[in-house]
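What follows is a short report on a single structure.
Remember, it's 1-based here, ligands and their atoms both numbered in the order they're listed.
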Amino acid sequence: MKLIGSYTSPYVRKISVILLEKGLTFEFVNESPWPDESHVPQYNPLGKVPALVDDSGEAWYDSPIIAAWLDAQDATPKLLPEDALQAIKVRQLEALADGVCDSALIIVREQLRPAEQQSETELLRQREKIRRGLDALEQEAAKGQWLNGEQITLADIATACTIGYLNFRHVVPNWCVDRPSLVKLVEKMFQRESFARTVPPAA
Ligand SMILES: N[C@@H](CCC(=O)N[C@@H](CS)C(=O)NCC(=O)O)C(=O)O
């Protein structure tokens, strides 16, 4: 299996963590999606990472699909519940965490533009999405040991990757204020070997 991605992408990190948690061996192909000459579109027509190439040569994207595909393989632990409705609940939490990350990425990209071209309205709009998304995750995290009950799931991994990205890019540096359950959850996640091994390189 080959994982096409960059070391700084939170969505790629999510897939690396899943592969490590499941003990699956894979080759990491370091490929930036941004340059014109990027090879990423060979694997994903949308030109985004991650993409996963399986042993038959088929390419899978985007990260929620790759995560579901990996969970459908034999390896354990299972990160989606067997119960179909519970699995949808976990995938919705994954979408929530990924959505917060999407907004963080938009902010980072917007801030790379010359100051006079940046839209304060857009930045505020994305910050509001992040605030509401994190508040919703805090509410879920306050309910139990993990986001979906007593077992770690894809939702916990996606959430910790998103918070890891907020920390890495210093987006909303005060995200932890008044969100004690989320802090507790991600601190627990960051202690796992899979997270320690996928810390993004210093920017
Ligand atoms: N929904 C996608 C998002 C992936 C994504 O946006 N990846 C970024 C890197 S962090 C990317 O490849 N961006 C390139 C682009 O937007 O052209 C997923 O979950 O895989």
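A parallel orientation is assigned to the rings of Phe28 and Tyr7, their planes being inclined by less than 30° (bins at 30° and 60°).
For atom 20 (O) of ligand 1, the closest heavy atom belonging to the protein is Ser63 N, 2.8 Å.
Look at Lys14 and Asp98 and you find a salt bridge, because one of the NZ, NE, NH1 or NH2 atoms lies within 4.0 Å of a carboxylate O, short of that distance. Between Arg125 and Glu128 there is no salt bridge, since no side-chain N of the basic residue sits under 4.0 Å from a carboxylate O of the acidic one.
For Lys129, there are no side chain to side chain donor-acceptor pair (under 3.5 Å) partners two or more places apart in sequence or in a different chain.
Note that CZ of Arg197 and CZ of Arg192 are 13.5 Å apart. Values are rounded to the nearest 0.5 Å.
Contacts between Pro33 and ligand 1, counted as non-hydrogen atom pairs separated by less than 4.0 Å, involve the side chain only.
Residue Pro50 has at least one heavy-atom neighbour below 4.0 Å for each of these atoms of ligand 1: 20 (O). Ligand-side atoms of ligand 1 in range of Ser9: 9 (C), 10 (S), range being under 4.0 angstrom from any heavy atom. Close approach to Pro64 involves these atoms of ligand 1, each under 4.0 Å from a residue heavy atom: 19 (O).
Distances from atom 13 (N) of ligand 1 to the heavy atoms of Tyr61, Trp34, Tyr165 put Trp34 nearest. The heavy atom nearest to atom 8 (C) of ligand 1, out of those in Ile66, Val12, Val49, is found in Val49.
The hydrophobic cluster containing Tyr61 does not contain Leu24, counting ILVMFWY residues as joined when their side-chain heavy atoms lie under 4.5 angstrom apart, directly or transitively.
Residue Asp62 has at least one nitrogen or oxygen atom sitting less than 3.5 Å from a nitrogen or oxygen atom of ligand 1, judged on distance alone.
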